[in-house]
> 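Can you keep this structure in mind? I'll have questions shortly.
Just so you know, these numbers use all the heavy atoms, side chains as well, and skip hydrogens, waters and symmetry mates. Note that the structure is a prediction, hence the values are computed from the model and not measured. We number each residue from 1, following the sequence as shown.
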Amino acid sequence: MVTDTFEIILTQVVTAKNIPLLSIIIYKTGDFVKEKALRLLQATAPYDDLIDILVKYAKSALDNNQEFVIYISSLCRELSQKGIHDPETGERKMFFSVHLASFAKYITIIGQEAVSKKNSDVLYRCLEDLGFLGCTAVKKNHFNVIIECLQGLVQLGREARAADLKCFWRHCSLEMTDHADQRIEWMVTWLPQVPEEDRNILAESFGTAYSRLYGKKLTVSIEEIEGELGVKFTKSEEKHIESYADGKYRKTIDYSDFKEIKEFKLY
């Protein structure tokens with residue numbers, strides 16, 4: 001009842017184009033859920049449902065209320081980061097940990113809508129949020145959030161390139177794919193700090209992410225460089241191709257084809 005009522009009210013305010021009231025609803029809702037996050041409730045109903053409704057609104061607001069969209073993306077990052085820094089330790093531990101990755105997925109959903117609307121400004125903010133959240137996740141070795149941030153950065157970079165979307169800032173000549181790469185690089189620099197038993201698995205995931213983004217096989221490894229642990233990249237000119245089979249059905253994704261934007265689960 002709470003979420004149904006909230007969605008009805010929000011829809012009516014949006015339809016009426018009452019921007020002052022809309023602003024109050026969005027920011028107060030954000031404050032409300034953040035207050036619940038202090039008690040580790042951001043991943044439970046109805047609070048996570050309120051965020052889901054805000055994300056749905058954000059997809060429709062890119063053309064006229066961009067500042068609200070950016071706020072909602074940042075809100076998702078903050079809620080996930082709070083959960084990483086202050087994790088659940090009780091019987092809900094596993095559910096809570098897995099659910100934190102859904103906030104990263106919300107950011108990606110907003111970013112994908114930004115690509116479809118050719119809004120590189122909002123897309124850039126989404127890449128920022130995924131990058132910052134991803135760094136937090138790597139520092140704290142939170143596997144689920146790491147993977148979802150990598151997934152989002154790679155997919156947004158691929159979709160932006162396929163849509164020929166340019167950076168909004170006139171002082172910047174980088175492609176949006178390059179900005180996605182930068183955020184992955186932020187994350188990978190923290191990889192040597194991950195406990196040794198988990199490094200190789202994550203290094204493989206980072207290698208797959210880079211390979212998908214640029215369409216050529218690339219491996220990532222953690223090695224001792226000048227007396228300290230560092231990240232080593234081994235590049236290849238070989239096309240990066242992945243296949244999926246289900247019974248007699250088979251799908252092959254050639255990531256060197258930059259018009260191919262099929263999203264495939266990253267592990």
Side-chain angles (χ1 to χ4, degrees), residues 1-39 41-83 99-133 148-149 151-153 155-160 162-169 176 179 261 263:
M1 290 178 66
V2 170
T3 53
D4 287 348
T5 303
F6 176 74
E7 189 164 21
I8 291 169
I9 293 173
L10 181 62
T11 301
Q12 290 179 342
V13 172
V14 170
T15 302
K17 298 182 180 179
N18 189 332
I19 301 303
L21 182 55
L22 180 60
S23 175
I24 292 172
I25 290 175
I26 291 174
Y27 291 124
K28 288 294 185 181
T29 301
D31 290 342
F32 175 68
V33 178
K34 283 193 282 187
E35 186 273 329
K36 298 302 178 184
L38 297 176
R39 292 189 282 148
L41 296 173
Q42 68 268 45
T44 60
Y47 315 116
D48 59 339
D49 295 324
L50 297 180
I51 301 303
D52 182 65
I53 292 169
L54 287 182
V55 171
K56 290 177 182 175
Y57 160 73
K59 291 177 62 179
S60 67
L62 280 159
D63 294 331
N64 45 23
N65 291 314
Q66 182 170 296
E67 67 275 15
F68 295 153
V69 179
I70 293 172
Y71 170 77
I72 292 168
S73 176
S74 295
L75 174 63
C76 292
R77 169 182 55 79
E78 291 173 2
L79 291 172
S80 189
Q81 285 178 313
K82 177 66 173 117
H99 195 84
L100 290 180
S102 66
F103 293 112
K105 179 60 178 176
Y106 284 149
I107 298 171
T108 301
I109 289 171
I110 295 173
Q112 288 176 310
E113 188 67 19
V115 172
S116 70
K117 295 288 181 64
K118 300 289 186 179
N119 190 325
S120 61
D121 189 352
V122 168
L123 174 60
Y124 184 90
R125 314 301 170 177
C126 292
L127 294 175
E128 289 273 277
D129 284 325
L130 287 171
F132 288 135
L133 176 55
E148 197 59 55
C149 287
Q151 177 104 41
L153 289 168
Q155 191 62 26
L156 291 177
R158 293 174 61 220
E159 291 185 17
D164 196 27
L165 188 58
K166 306 300 181 183
C167 183
F168 72 99
W169 193 31
M176 296 308 296
H179 286 306
I261 57 173
E263 184 171 8

> Return the CG to CD distance between L123 and E159, rounded to the nearest 0.5 Å.
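Here the rounded value is 9.5 Å.
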> Examine the side chains of Q112 and Q155 and answer whether a donor and an acceptor come within less than 3.5 Å of each other.
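Short answer, no.
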> Would you say that L21 contacts S23 through its side chain, given a criterion of any heavy-atom pair below 4.5 Å between the two side chains?
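A side-chain contact is absent here, since even the closest heavy-atom pair is not under 4.5 Å.
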> If you measure from the Lys or Arg side-chain nitrogens to the Asp or Glu carboxylate oxygens, is any gap between D129 and R125 under 4.0 Å?
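No, no charged N to carboxylate O under 4.0 Å.
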> Apply side-chain contact (heavy atoms from CB on, under 4.5 Å) to residues V122 and F168 and explain how you reach the verdict.
CA-CA 9 Å; V122 168; F168 72 99; over 6 Å; no
> Would you call E263 and K105 a salt bridge, taking side-chain N to carboxylate O under 4.0 Å as the test?
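Here E263 pairs with K105 in a salt bridge, since their nearest N and O are under 4.0 Å apart.
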> Report the distance from atom OG1 of T108 to atom CG of L130, rounding to the nearest 0.5 Å.
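Here the rounded value is 4.5 Å.
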> Measure across T29 and I25 and return the closest heavy-atom pair with its distance rounded to 0.1 Å.
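Scanning both residues, the minimum pair turns out to be OG1-O, 2.5 Å.
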> Could you please spell out the steps behind the side-chain contact (heavy atoms from CB on, under 4.5 Å) verdict for S120 and K166?
CA-CA 7 Å; S120 61; K166 306 300 181 183; over 6 Å; no
> If only atom types and distance count, is the side chain of S80 paired as donor or acceptor with the main-chain N or O of R77 below 3.5 Å?
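No: the side chain of S80 does not pair with the backbone of R77.
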> Can you confirm whether the side chains of Q66 and D121 place a donor and an acceptor under 3.5 Å from each other?
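There is such a pair between these side chains.
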> May I have the step-by-step check of side-chain contact (heavy atoms from CB on, under 4.5 Å) for V33 and L75, ending in yes or no?
CA-CA 9 Å; V33 178; L75 174 63; 5.5 Å; no
> Distance from Q42 atom CD to C76 atom SG, nearest 0.5 Å?
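So the gap between those two atoms works out to 11.5 Å.
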> My understanding is that only residues two or more places apart in sequence, or in another chain, count here; which of them pass ring-ring contact (aromatic ring centres under 6.0 Å, His included) with Y27?
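Per chain and number, Y27 pairs via ring-ring contact (aromatic ring centres under 6.0 Å, His included) with F68, Y71.
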> Mind checking what makes ring-ring contact (aromatic ring centres under 6.0 Å, His included) contact with Y57, not counting sequence neighbours?
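Checked Y57 against ring-ring contact (aromatic ring centres under 6.0 Å, His included); zero matches.
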> Step by step, work out the side-chain contact (heavy atoms from CB on, under 4.5 Å) result for L10 and L22.
CA-CA 7 Å; L10 181 62; L22 180 60; 3.5 Å; yes
> To the nearest 0.5 angstrom, please state how far the CG atom of D52 sits from the OH atom of Y106.
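Nearest 0.5 Å value for the CG-OH distance: 4.0 Å.
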> How close do L133 and I107 get, counting heavy atoms only, and between which atoms?
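Smallest heavy-atom distance, with atoms named: CD2-CD1, 4.4 Å.
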> Could you check whether E113 pairs with K117 (Lys NZ or Arg NE/NH1/NH2 to Asp/Glu carboxylate O, under 4.0 Å)?
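Looking at E113 and K117, the cut-off is met.
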> Which pair of non-hydrogen atoms, one from Y47 and one from L41, has the smallest distance, and what is that distance?
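Shortest heavy-atom contact: CD1-O, 3.3 Å.
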> With distance as the sole test, does K36 use its side chain to make a donor-acceptor pair with the main-chain N or O of D48 at under 3.5 Å?
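Not confirmed, K36 side chain does not pair with D48 backbone.
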> Minimum heavy-atom separation for I261 and A162, please, with both atom names.
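Where I261 meets A162 most closely, the heavy atoms are CG2-CB, 3.6 Å.
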> Within the side chain of S74, is there an N or O that forms a donor-acceptor pair under 3.5 Å with the backbone of I70?
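Yes, because the side chain of S74 sits within donor-acceptor range (under 3.5 Å) of the backbone of I70.
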> Check G111 against L156 and note the closest heavy-atom contact, atom names and distance.
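Looking at all heavy atoms of both residues, the shortest contact is C-CD2, 3.4 Å.
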> Hey, is NZ on K34 packed in by over 12 heavy atoms from elsewhere, all under 6.0 Å?
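Yes, the 6.0 Å shell around NZ holds more than 12 heavy atoms from other groups.
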> Looking only at non-hydrogen atoms, find the nearest pair between I110 and C126 and report the distance.
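That would be CG2-SG, 3.8 Å.
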> What distance do I8 atom CD1 and T3 atom OG1 have between them, rounded to the nearest 0.5 Å?
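OG1 of T3 is found 9.5 Å from CD1 of I8.
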> Say you draw a straight line from CG of L54 to OG of S73; how long is it, rounded to the nearest 0.5 Å?
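Rounded to the nearest 0.5 Å, the CG-OG separation comes out at 12.0 Å.
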